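Each remark here refers to the structure printed beneath this line.
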Amino acid sequence: LVCWTAMVAAYARNGYVFQAKHLFDEMPERNVFTWTLMLSVYSENDCVDETKSMFDEMPERNLVSYNAMISVYASSGHLQQAKEMFDHLPERNLVSWTSMITAYSVYSDVNQSKETFDAMPEQNLVSWNALLSTYAQNPGYFESAKLIFENMPQRNQISWNAMLLACADNGFLKDGERIFSQMPERTLVTWTTMVLAYARNGHIQSAKTMFGAMSQHSLVTWTAMLAAYADNGLLEDARQTFLKMPEKNLVTWTSMLTVYAHNGYLEEAAQVFDHMPERDLVSWNAILTVNAMHNQFEQSQCIFYSMPAQDTGTWNIMLALYTRNGHIWKAKKLFDQIPDKSLVSWTPMLAAYSRNGHTQKALIMAETMKLLDMAD
RNA sequence: CAACACCAAGUCGUCGUA
């Protein structure tokens, strides 16, 4: 049994999700270890619902399996579910606590993230890194990130990379270059981050040079370079990169679709969508966005109704389309149908009302939000 | 002897950048 599980793990580590699943199905017997392993394999695809049903199917669970589930909730922004599970745990360990730091960070609640860190019975390098990432990934906390980075008890490769990303995202290119040169060692992640640092700060030439200087490339680095060109409006370079790539996945295809879309090539974007080997919610939202932004009303509605799944992003796109075209009642109808409304659903509706001169309704809405304790 | 937490790529909202 140990051998089988190790093999499933080996497949999963190398990206052979399908083979891992196959092996899992073929195993003569399974235990908590195996089930939890499969949980984490699935969770890498961000399919929260599927992961949850797998979790529910498990014949037995231990702290590790609960932690795995909390981690999925955390990284996908399902703070409520993560917190609820965490609160009901009979016992918690470092891993459980660190996942909650991440959960708050993804939910943009920087203060709670820090409070969780402070509330932990003990901290290790990983939890310090998690806190550092909270500051690195939420805008406006660059100074805090720097402070943590300089004062943490130890640093590893991940700490350096996280700090580099913070520089890149906050426009501190010079600091980023300094971090890059000071690092004890550099990984593929480091190089990719540096490519992004240049690209996002308007130095596409340097980004390209950096990309060329890398000793190896992966699917992610190629796609990052594609996105870099896209960010800088270089359609032709993006297209060439796309054609040159040795392999492509959903992210690559969707990036290319978006490049066309941002440059006004509706037709080409649609073609990319049609040729994609597979689609997920993000790619559906992307094609919906293209049509909505060009006010292709019928086409947008058609896509909207034929989508296999929808999320708050989808509804926001449609809300924006409806209100831009003066269909405020359609917007309202859609809004009323949204389950589990959160801040991200209320905000566009509120904006829609005020933009269309329905000041009174906007005010009522704002009041309602206040009553529901969602805004201040 | 095997499973869980921290770093890089895609869509939407809010906020910034003009």
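All figures in this text were calculated on a predicted structure; none of them were measured in a lab.
- In terms of polar N and O atoms assigned as donor or acceptor, the side chain of Asn31(A) never comes within less than 3.5 Å of the base of A3(B) in a complementary pairing.
- Both Asn161(A) and Leu1(A) sit near RNA chain B, but only Leu1(A) has its closest nucleotide nearer the 5' end.
- Contact annotation: side chain of Asn170(A) to base of G16(B), donor-acceptor pair absent below 3.5 Å.
- Residue Asn285(A) has its side chain nearest to U11(B) when only U11(B), C6(B), A8(B) are considered.
- Looking at heavy-atom distances under 4.0 Å, Gln157(A) makes no contact with the nucleic acid at all.
- Listed candidates were U11(B), A2(B), A9(B). Nearest to the side chain of Thr289(A) is U11(B).
- One atom, CE of Met210(A), and another, C1' of A8(B), lie 14 Å apart when rounded to the nearest Å.
- Closest contact between the side chain of Val220(A) and the listed nucleotides C7(B), A9(B), A3(B) involves A9(B).
- Out of C6(B), A2(B), A9(B), the shortest distance to the side chain of Ala224(A) is found at A9(B).
- Among the nucleotides C4(B), A9(B), A8(B), the one closest to any side-chain atom of Thr223(A) is A9(B).
- Of all nucleotides listed (A8(B), A3(B), A5(B)), A3(B) comes nearest to the side chain of Phe33(A).
- For a distance-only test at 3.5 Å, the side chain of Asn93(A) fails to qualify as a donor-acceptor partner of the base of A5(B).
- The nucleotide whose nearest atom lies closest to any side-chain atom of Asn67(A) is, among C4(B), C6(B), A8(B), C4(B).
- One atom, CH2 of Trp97(A), and another, P of C6(B), lie 17 Å apart when rounded to the nearest Å.
- Computed from coordinates, the Met152(A) CE to C7(B) P distance equals 12 Å when rounded to whole Å.
- Counting distance only, with no hydrogens placed and no angle test, the side-chain atoms of Thr254(A) and the base atoms of G10(B) include a donor-acceptor pair under 3.5 Å.
- Between Trp97(A) and Phe86(A), the gap from one ring centroid to the other is short of 6.0 Å.
- Looking at heavy-atom distances under 4.0 Å, Asn249(A) makes contact with a base.
- Comparing atom distances between the Thr258(A) side chain and each of C7(B), U11(B), C12(B) picks out U11(B) as nearest.
- In this entry the distance linking CZ of Phe172(A) with P of G16(B) reads 17 Å, nearest Å.
- Nucleic acid contact class of Leu37(A) (heavy atoms, under 4.0 Å, all strands): sugar-phosphate only.
- Whole-Å rounding puts the Leu319(A) CG to C12(B) P distance at 15 Å.
- Residues passing the side-chain contact (heavy atoms from CB on, under 4.5 Å) test with Gln112(A) are Tyr104(A), Asp109(A), Glu115(A), sequence neighbours excluded.
- A salt bridge is defined here as a Lys NZ or Arg NE, NH1 or NH2 lying under 4.0 Å from an Asp or Glu carboxylate O, and Lys333(A) with Asp336(A) fails to meet this definition.
- Side-chain N/O atoms of Asp231(A) and base N/O atoms of A9(B) include no donor-acceptor pair closer than 3.5 Å.
- Residue contacts shown for Ser255(A) are limited to sugar-phosphate atoms, with no base heavy atom under 4.0 Å away.
- Thr98(A) contributes a side-chain N or O that forms a donor-acceptor pair with the base of A5(B) under 3.5 Å.
- Close placement of the Trp284(A) and Phe273(A) rings is indicated, their centers lying within 6.0 Å of each other.
- In this structure, Phe55(A) atom CZ and A3(B) atom P are separated by 19 Å, rounded to whole Å.
- Rounded to an integer number of Å, the gap from Ile158(A) CD1 to A5(B) P is 11 Å.
- Relative to the side chain of Leu250(A), the nucleotides A3(B), G10(B), A8(B) differ in distance, and G10(B) lies closest.
- For Ala286(A), the listed nucleotide lying nearest its side chain is U11(B); candidates were A5(B), A2(B), U11(B).
- Taking the six-membered ring for Trp and the full ring otherwise, the centers of Trp35(A) and Phe55(A) sit at least 6.0 Å from each other.
- The phosphate of A8(B) (OP1 or OP2) has a side-chain N or O of Gln137(A) nearer than 4.0 angstrom.
- Regarding Arg279(A), its CZ atom lies at a distance of 15 Å from the C1' atom of U11(B), rounded to whole Å.
- A ring-centre distance under 6.0 Å is found for His217(A) and Phe211(A).
- In this structure, Tyr322(A) has its ring center at least 6.0 angstrom away from the ring center of Trp329(A).
- The phosphate of A2(B) (OP1 or OP2) has no side-chain N or O of Arg13(A) nearer than 4.0 angstrom.
- Nearest-nucleotide mapping onto RNA chain B: of Asp280(A) and Pro139(A), the residue sitting toward the 5' end is Asp280(A).
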